[in-house]
Amino acid sequence: MEKYKQYKNLNSTDIEKNIQDKWAKEDTFAKSLQIREGNKPFIFFEGPPSANGKPGIHHVMARTIKDIFCRYKNLKGYYVTRKAGWDTHGLPVELGVEQALGITKEDIGSKISVEEYNKACRESVMQFKDLWDKLTVQMGYWVDLDSPYITFTNKYIESVWWLLGEIYNKGLLYKGYTIQPYSPAAGTGLSSHELNMPGCYKDVKDTTCVVQFKIASKQTTNNIILDKLNDKKDKTYFLAWTTTPWTLPSNTALAVGDKIDYCCVESFNPYTGKEMVCFVAKNLLNAHFKTEGENQDFEAYKKGDKVIPWRLLFECKGKELVGIDYEQLIPWVKPQRQEGDAFKVISGDYVTTQDGTGIVHIAPTFGADDARVAKLANIAPLHLVDKNGKNQPMVDKSGKFFVLDDLDKEYVDKHIDKEQYERFAGRFVKNAYDDTLTDKDNTLDVDLCVELKAQNKVFKIEKHTHNYPHCWRTDKPVLYYPLDSWFIKTTAVKDRLIELNKTINWKPQATGTGRFGNWLENLVDWNLSRSRYWGTPLPIWRTEDGKEEIFINSVEKLAKEIDKSIAAGFMSENPYKSNDYESFDLHRPYIDNVILVSESGKPMKRESDLIDVWFDSGAMPFAQRHYPFECTTEELKQKFFPADFIAEGVDQTRGWFFTLHTIATMVMDEVSYKNVVSNGLVLDKNGNKMSKRLGNAVSPFEMMDKYGADATRLYMISNSQPWDNLKFDPNGIDEIRRKFFGTLYNTYSFFALYANIDGFAYKEKDIEYSKRPEIDRWILSLLNTLIKDVDSDLNDYEPTRAARRVMDFVCEDLSNWYVRLCRRRFWKGEYSEDKISAYQTLYRCMEVIAQLGSVFAPFFMDELYCNLNAVSGRNKATSVHLTDFPTSNDNEIDKDLEARMDLAQRICSLVLSLRKRHNLKVRQPLAKIMIPCDATTKERIEKVKNLILSEVNVKDIEYLDLHNNVLSKTIKANFKTLGPKYGKIMKSLAAKIAAFTQDDITKLESEGKYALDVEGQQITLDLTDVEIATKDIEGWVVASEGKLTVALDVVITDDLKKEGIARELVNRIQNIRKDSNFEVTDNIVVKVEYDRDLQAAIEMYKGYICGETLTKELSLENNINSPTTKIDVIEGKELGIYIETIK
RNA sequence: AGUCUCGUAGCUCAGUUGGUUAGAGCACUACACUGAUAAUGUAGGGGUCGGCAGUUCAAGUCUGCCCGAGACUACCA
């Protein structure tokens, strides 16, 4: 017979290496797919990592989650394809290359050609692919690495173009002018990613001011508020606060909150002392007007007085102020009326009264929110017209007010007050942009404020510290600046996005409704444009005047259009005509060489933008199959879309999760994924973010080399819910290794040792369930419950709960109770039915554990399974990963049995604590224990009596009737039943019950009810209203827990003492056998130094002693010549002993 | 700054519809046990359940505010 594999010690990394080799040799992953081919697919999308960064420990986390559910569904019979993918475009790649080559973006096109630059990017994207592959193999992540999708391939790009084309065709792609972060010092726009680089947001101290916007004498609409002001109208102002006074010349509106309360206050300007009336939010009134000035004497006020008198004229809602016209604050430039109205109060949904005045100055050219609310209210931005006839904000791209020479002459004459404007033209809006200026020089902000002060237009000037973003490259402040960009009109499908999101099962739910849901509620259009080089080019060609354009959604169409262009004489050759996708390149600069011809025969050039890399990754459900070019819609929907399951870090909520959802909604009107698990971050053990800079980043390879992949995986899953942040502590992995894998390994080793001796190979028919002993049926009952629970947890995407269940079962139930209590059954006696039952039961438990655990710890569990199966040959599958998920057998679940065993465990625990307290070794047998209980409990205990007796080494159990008068009892109110009935008097009622005498308790018990009076209320208690427990038995040593009480007979009779000595002797002989490295089956001869007590014990228990220790000859001698060692079986005596094996 | 998540023993985490001694593991201390031994058992110390209010007969659990950590989103003037 083949033997169960036995180990010298547990070496996880060796086991894992062997299993890796086995999987590679037998192609187990592919096989696991083959056996499910044709079955219902379980569709999974792999979020593509960038291979130009090294994998970190958090990738092990995310991939473990993915692996668990894919393996689970595979075991459940689904066909689970898992195509790997690589994200290869975008900023991280470009930045990496720039760093490696020592260049900046400005050098592209001069120091290095776009062609060379992109070549360098292409080469660098797979820089760490080997490391990623190594991680994948070592951690046991099953994903198809042989045919991954790669975002830079022409086929992938073609699919992306096609998808974008669908959006374009629906009219949801447009070119717009929006406010974006822009670094004048670097001359480039910045992505949100760049803005979020560490250290970009810095506290800066800026000059801020509260400005007075005067109500216009001529109003375009009627307004009740104006009537209320009547003769004070010409000295009434709106107060608005700004941290960027340089944007004030570009002001074209003021925003108020509709529902915010505003005050109209009469007072004086603190600088000029002139009388004024102004509007300010009620909440902020006292920030601007001191309480002690309220209703002070106006006549007595002199300019410069510390306390400025003021009085409240009336209050109103923001909504009532909307529509009022005001005078332009700094009338240098007149807005172009055709772009909309200007200088009106509008409503702004984002206005708050946290600081400032509750009235917000709006400069649509320099604020994203400003631009949005202005557009909604049809308010014109303040534009200049440059020499090329293009609209420009007042600030040019180098960060200074436009100089007149750069502007259109006609426009200047018509719209600009040259005399006023010229004094400031050419001034940089931040000193940092001008190399000739320092912090000490006056800023434009300060000069503007000073001028406004002189004009009675400023109410307050102060320095204010706030958080402001800086360009990570130049370290200079960023400007929010209007730029041309292409947008996807996601706002047009907002409602549908929200609706479809409600059908997605988010784990945790809060991420879906909260973070993601809120994000959708506040959706803005998706800015697709990136002024970059390495990425998917935007496939739109336009004539110079922008009046004609074409969208290219396939290579075929591109080639056709180029042919037309050749005919028109704009191009000479067609590089995209081949069917060989390897023969051309859709990237820049090649694609930029393509000039197409418009309907009217004009040349069209490509819009120079690239598209956001997030569109690339969100397009993967389609692009990974080169849909629709190599995959039909029918095939896609049958096999590849939408995903049943995806999982990534929670940081992807607004990244990949969003782009997947949006693209699928816009193109397919369907969700992209049905279930999504978003896991939290992996922090270091102190809860700090891991970073290379701090040196606290953990290498996944180091962890797996040291502790093994299984332990690492199981640690990460079991330690905390995946969506909570994980404080990663290597000691935790070690704990899992010792506690769980060590215990399971011990259990297996124990089994293997005896099964090999007995030749158990699971060849016998299963012993009938009903014929198995109580303890076997107990562990089988738990096992079946475990299967059921783990199945339902995994089905609910609750990996942590499932993993903890498996671990608890192995450590507590299987090892610490079943095996410990059953040890004797395995090594004692003949190969009987009871023994076979024990082997079969333990075997089955381990087999099922291997299957359930295989999703978490794929290596160890496969080893375990194969070791078992190699001998039994019970299963055809050559790997646990090729088996079917176990099914639970409800007939084997016995809740009453589980309750009985629980009772047994508690009784044992109590007896052991009594032994401890009275210093009675477990090896010393005792006569009996006594348990007060009712008839049902007695019946239950009877069934597990033998287990208890042998576990605690006691001869008998006696039961004590509950009405016995040697018992003393305690009573406690049952709050759960009484609470709802007697709410208010609960406290005194509980106190009265607690004060019951033994007689009271007896009365209640015998009559079944008890009447009493609490605070004048008549109450009748019945037995369910109280909890009665036995606490003491007179004359016995007693321990109790909850309702259970156990008494122990501590009298050691002569016979018991002899037996105790016999057991001590057996124990010593066993120890010596082991220390001498005898085989378990060796027979021995034993000689012990004579002692009277020992002789008495041996006389009585010779058979027992010899039987236990395989002793063939046992003798007592006066003198042992060369004793093996000395033993102390009789207290206070050291006796020599000699043992040898019989050959 | 906003939104969301989290805060329970030295550490990592459980804690059911609110119900009365708040649990487990690790770590620590002591004592046992030892044909599973890189284990195991028993006992012990260790908690104002982040803070303050509120609802309730009853709050770790529900509500509000505050504090701390983290993520995301942000020049909210």
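A donor and an acceptor atom, one from each side chain of A/K463 and A/T208, are nowhere located under 3.5 Å apart. Of the N and O atoms on the side chains of A/T247 and A/H361, at least one donor lies less than 3.5 Å from an acceptor on the other residue. Residues A/N251 and A/Y326 bring a donor and an acceptor atom of their side chains to less than 3.5 Å of each other.
With both ends at atom P, the span from B/U21 to B/C67 equals 35 Å, rounded to whole Å. Distance noted for atom C1' between B/G46 and B/G10: 8 Å (whole Å). Of the P atoms belonging to B/G54 and B/A58, the separation is 12 Å, rounded to the nearest Å.
Here A/G367 lies in heavy-atom contact (under 4.0 Å) with a base. Counting non-hydrogen atoms under 4.0 angstrom, A/D370 reaches nothing in the nucleic acid.
With hydrogens and angles ignored, no donor-acceptor pair closer than 3.5 Å exists between the side chain of A/K976 and the base of B/U20.
For A/N746 and B/A39, the shortest distance from a side-chain N or O to OP1 or OP2 is not below 4.0 Å. At B/U5, none of the side-chain N or O atoms of A/T511 fall inside 4.0 Å of OP1 or OP2 (strictly under the cut-off). Under 4.0 angstrom from either OP1 or OP2 of B/A27 there lies at least one side-chain N or O belonging to A/R738. Phosphate proximity of B/A39 to A/T743: absent, as no side-chain N or O sits under 4.0 Å from OP1 or OP2.
The residue among A/Y818 and A/T800 whose nearest nucleotide of RNA chain B is located toward the 5' end is A/T800. Heavy-atom nearest nucleotides on RNA chain B were determined for A/Y715 and for A/D369, and the one closer to the 5' end corresponds to A/Y715.
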The dot-bracket string of RNA chain B, counting Watson-Crick and G-U wobble pairs with both distances under 3.5 Å, using [ ] for crossing pairs and | for pairs to another strand, is (((((((..((((.....[...)))).(((((.......))))).....(((((..]....))))))))))))....

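For A/Y754, taking side-chain heavy atoms from C-beta onward, the closest of the listed nucleotides B/A36, B/U42, B/G19 is B/A36. The side chain of A/D724 sits closest to B/U5 out of B/U5, B/A36, B/U42. Closest contact between the side chain of A/N725 and the listed nucleotides B/U12, B/G70, B/U20 involves B/G70. Taking only side-chain atoms of A/K727, from C-beta outward, the nucleotide of B/C57, B/C26, B/U12 with the closest atom is B/U12. Distances from the side chain of A/E735 to the nucleotides B/U42, B/U20, B/C26 place B/C26 closest. Closest to the side chain of A/N719, from the set B/A36, B/C13, B/G25, is B/C13. Of the listed nucleotides (B/A36, B/G25, B/G19), B/G19 has the atom at the smallest distance from the side chain of A/F975. When the nucleotides B/A38, B/G25, B/C57 are ranked by their closest atom to the side chain of A/R737, B/A38 comes out on top. Of all nucleotides listed (B/G19, B/U42, B/U40), B/U40 comes nearest to the side chain of A/N816.
Under 4.0 Å is where a charged nitrogen must lie from a carboxylate oxygen, and between A/R804 and A/E798 no such pair does. The existence of a salt bridge linking A/E951 and A/R820 is confirmed by a sub-4.0 Å separation between a basic side-chain nitrogen and an acidic carboxylate oxygen. In summary, A/R805 and A/D808 do not engage in a salt bridge, as defined by a charged side-chain N under 4.0 Å from a carboxylate O.
A/Y754 and A/F826 have their aromatic ring centers separated by at least 6.0 angstrom.
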